[in-house]
Amino acid sequence: MLFRNGLIENATEGVDIRVLDGKFAAIAPNLEPLPGEEIIDCTGKLILPPFIESHIHLDTCLTAGQPSWNMSGTLFEGIERWEERKQFLTKEDVRSRVKKVLHMQVANGIQHVRTHVDINDPKFTALEAILELREEVKSFINIQIVAFPQYGILSYPKGRELLEEALKMGADAVGAIPHFEFTREYSVESLNICFELAQKYGKLIDVHCDEIDDEASRGLETLAARAYETGMRDMVTASHTTAMHSYNNAYVNRLMRLLKMSGINFVANPCVNVHLGGRVDNYPKRRAMTRVKELVAEGINVSFGNDDIFDPWNPMGNAGMRDAVFMGLYVGHMLGYEEIMKSYKFVTYNAARTLHLGDAYGIKEGNSASFVIMDAKNYYEVLKDNATVLASYKDGKLIARTEPAKTQVFVPGE
Ligand code: FE2
């Protein structure tokens, strides 16, 4: 196949892409078509590597209002509503909801997903279902599973044993939730356990870290210190870190040195952070997103996720990555022209680093031919016009296609 004249990653000049045997065989201007080669015109269309969802809870998706709605809009009422919904959990229920979300993601050009799965469940209902699906769907989407102790490692009966069992069952990464543990001591110890298990089983780490507007929530410094000391560095990810929004600046100045030394990744979830955050404030109300702009300025890797799609913590969501970037730029004061243009990296290359996808990810000769074609000439237009993902190719195979909507306007005097 020859993809003609596409604009790769905001380029202003079109180039041709030849795909052979599922790989990018050649990328150059004006390639000569081979005899009988299928030609796809991409003139004026942006071509990007596939989108990546670096933080979602697939097991809770599509459960909003079942059996009751989160009326206060708080994180903690969300946990209570989920506790009610969990009573009805079956493998079939999880499988059918997760499949629906995966299809929504594929339609939106996503090909890699890191999902947290609640393992504070002695039956491992959700984990078993998603482990099975990880195998079944791998031809069109790559799923990475974080064993997520929703109610804590030390503050939930047999929390440590459940976490270890989930890793033995095949989870890819170890989770923790230090701000939800009963005490400061449990918080620190839960992170020690997290590192001990990650090293024992050779897993990545992704922690729900300081997802609270409490400026005294300091799980991040422990996480970063352990990442540095153990040498696990960029195998470690701090998700949310919303308390960092509320830290005093003198503390952040000191903390930033450790964060850079540690090499850890960050994931912000702009829509859910701004929705759940600031809930105990009168006015002014905090935005509650971590300090994305400052982290990026220090060269620290940050990606954006959705966290939740139509569940007790987020009543909205279409599973695409555009809304996360759009909200992240607004909330983070990052709507400068250059910031907008390069913001696709939050949901492509930066997320690929977090997921440890390596050099196999990206549009270059020799790599698997996985990419999306957008109905826009650059990423600025994608965000501004909410552009359609026209096509998504994985390993050279078309896995999703969307026709752009056509609108006609009938007004007098035209
Ligand atoms: Fe989360």
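Note that the structure is predicted; figures quoted are calculated from it, not measured.
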Taking the side chain as C-beta and beyond, is there a heavy-atom pair between N350 and V296 under 4.5 Å?
-> no
Distance, nearest 0.5 Å, that separates OG1 of T115 from CG of L127 = 10.0 Å
Give a yes or no on whether a salt bridge exists between E136 and R95, defined as a side-chain N under 4.0 angstrom from a carboxylate O.
-> yes
Would you please test E32 and R18 for side-chain contact (heavy atoms from CB on, under 4.5 Å) and show each step?
-> CA-CA 10 Å; E32 197 60 40; R18 167 161 294 127; 5.6 Å; no
E381/M374 under side-chain contact (heavy atoms from CB on, under 4.5 Å): CA gap, chis, key distance, verdict | CA-CA 10 Å; E381 279 192 5; M374 306 296 299; over 6 Å; no
Answer with yes or no after comparing the ring centroid distance for H57 and F148 against a 6.0 Å cut-off, counting only values under it.
-> yes
Per-pair distances, 0.1 Å, donor-acceptor, side chain in residues 263-273, under 3.5 Å, sequence neighbours excluded:
residue: N265; atom: OD1; partner: N301; partner atom: ND2; Å: 3.0
residue: N265; atom: ND2; partner: D234; partner atom: O; Å: 2.9
residue: N265; atom: ND2; partner: V236; partner atom: O; Å: 3.4
residue: N265; atom: ND2; partner: T237; partner atom: OG1; Å: 3.4
residue: N269; atom: ND2; partner: H240; partner atom: ND1; Å: 3.3
residue: N273; atom: OD1; partner: N269; partner atom: N; Å: 2.9
residue: N273; atom: ND2; partner: H240; partner atom: ND1; Å: 3.0

One should read off an interatomic distance between M341 CE and N378 CG, to the nearest 0.5 angstrom, of 4.0 Å
Check: P178 and T222 side chains under 4.5 Å, non-hydrogen atoms | no
If you look at every heavy atom in V325 and S343, which pair is closest and at what distance?
-> CG1-OG, 3.5 Å
Within a radius of less than 6.0 Å around NZ of K86, do more than 12 heavy atoms belonging to other residues, nucleotides or ligands occur?
-> yes
Please name the residue in the list F326, Y344, F51, F346 that meets the ring pair (Phe, Tyr, Trp, His ring centres under 6.0 Å) test with F304.
-> F346
More than 12 heavy atoms of other groups within 6.0 Å of M316 CE = no
Any side-chain donor paired with an acceptor under 3.5 Å for T354 and R114?
-> no
Roughly how far, to the nearest 0.5 Å, is CZ of R287 from OG of S246?
-> 13.0 Å
Assess the side chains of E53 and N306: does a donor N or O sit below 3.5 Å from an acceptor N or O?
-> yes
Can S187 and E181 be counted as having a side-chain donor-acceptor contact under 3.5 angstrom?
-> no
Does CZ belonging to R291 count more than 12 external heavy atoms closer than 6.0 Å?
-> yes
Hey, is K285 close enough to D213 for a salt bridge, meaning N to O under 4.0 Å?
-> no
Can any side-chain N or O of Y349 pair as donor or acceptor with the backbone N or O of Y361 at less than 3.5 Å?
-> no
Here the pair of heavy atoms bringing A176 nearest to L191 is CB-CD2, 4.1 Å
K203/D172 salt bridge by N-O under 4.0 Å criterion = no
Looking at V389, V347, T348, which one forms a side-chain contact (heavy atoms from CB on, under 4.5 Å) with M321?
-> V347
Within 6.0 angstrom of K99 NZ, more than 12 heavy atoms from elsewhere | no
Output every pair passing salt bridge (Lys or Arg N to Asp or Glu O under 4.0 Å) with a member in residues 295-318, not counting sequence neighbours, ordered by first then second residue.
-> K260-E298
How long is the gap from NZ on K91 to CD1 on I130, to the nearest 0.5 Å?
-> 11.5 Å
Do the side-chain N and O atoms of E221 and Y251 include a donor-acceptor pair separated by under 3.5 angstrom?
-> yes
CG of N30: more than 12 outside heavy atoms within 6.0 angstrom?
-> no
Just do the side-chain contact (heavy atoms from CB on, under 4.5 Å) check on M256 and I300 with the steps written out, would you?
-> CA-CA 10 Å; M256 203 59 93; I300 292 169; 3.9 Å; yes
Atom CG in L7, atom CG in L48: separation rounded to 0.5 Å?
-> 10.5 Å
Is there a donor-acceptor contact under 3.5 Å from the side chain of R4 to the main chain of T43?
-> no
Could you check if a side-chain atom of E9 sits within less than 4.5 angstrom of a side-chain atom of P49, using non-hydrogen atoms only?
-> yes
So, R81 and E84, do they make that salt bridge, N to O below 4.0 Å?
-> yes
Any side-chain heavy-atom pair of Q144 and H112 under 4.5 Å | no
Using the test side chain to side chain donor-acceptor pair (under 3.5 Å), find all partners of Y228 that sit at least two apart in sequence or belong to another chain.
-> none
Using a cut-off of 6.0 Å, state whether more than 12 heavy atoms not belonging to Y151 lie near its atom OH.
-> yes
Side-chain contact, heavy-atom cut-off 4.5 Å: V117 with F124?
-> no
Of all residues at least two apart in sequence or in a different chain, which pass the side chain to side chain contact (heavy atoms under 4.5 Å, CB included) check with V137?
-> L102, L133, F140, I141, I143
Would you say S68's side chain and G65's backbone share a donor-acceptor pair under 3.5 angstrom?
-> no
May I ask you to decide if N120's main-chain N or O and Y156's side chain share a donor-acceptor pair within less than 3.5 Å?
-> yes
For N367 and G362, which heavy atoms make the closest approach, and how far apart are they?
-> ND2-O, 3.0 Å
Judged by modelled atom types alone, do D210 and S217 share a side-chain donor-acceptor pair under 3.5 Å?
-> yes
Enumerate the residue pairs fulfilling ring-ring contact (aromatic ring centres under 6.0 Å, His included) with a member in residues 13-34, sequence neighbours excluded, ordered by first and then second residue.
-> F24-F371
Side-chain donor/acceptor pairs under 3.5 Å, residues 194-202, sequence neighbours excluded:
residue: E196; atom: OE2; partner: R160; partner atom: NH2; Å: 2.6
residue: K200; atom: NZ; partner: E164; partner atom: OE2; Å: 2.8
residue: Y201; atom: OH; partner: E164; partner atom: OE2; Å: 2.5

Gap separating the CG atom of L258 from the CG atom of L220, nearest 0.5 angstrom | 7.5 Å
Kindly check if the number of other-residue, nucleotide or ligand heavy atoms within 6.0 Å of CG (D21) is above 12?
-> no
Beyond-backbone contact of V302 with E294, side-chain heavy atoms, under 4.5 angstrom = no
Are the side chain of E77 and the backbone N or O of P312 linked by a donor-acceptor pair below 3.5 Å?
-> no
Would D359 and K364 count as a side-chain contact (heavy atoms from CB on, under 4.5 Å) if you check the C-alpha gap in whole Å, the side-chain angles of each, and the deciding distance to 0.1 Å?
-> CA-CA 10 Å; D359 288 341; K364 57 184 173 196; 4.0 Å; yes
Do the non-hydrogen side-chain atoms of M169 and I119 ever get within less than 4.5 Å of each other?
-> no
Okay, side chain of N70, backbone of T74: is any donor-acceptor separation there less than 3.5 Å?
-> yes
Determine, for Y247 and R218, whether the Lys NZ or Arg CZ falls below 6.0 Å from the six-membered ring centre while staying within 45 degrees of the axis.
-> yes
Short question: side chain of E37, backbone of P33 - any donor-acceptor pair under 3.5 Å?
-> no
Check: W313 and T60 side chains under 4.5 Å, non-hydrogen atoms = yes
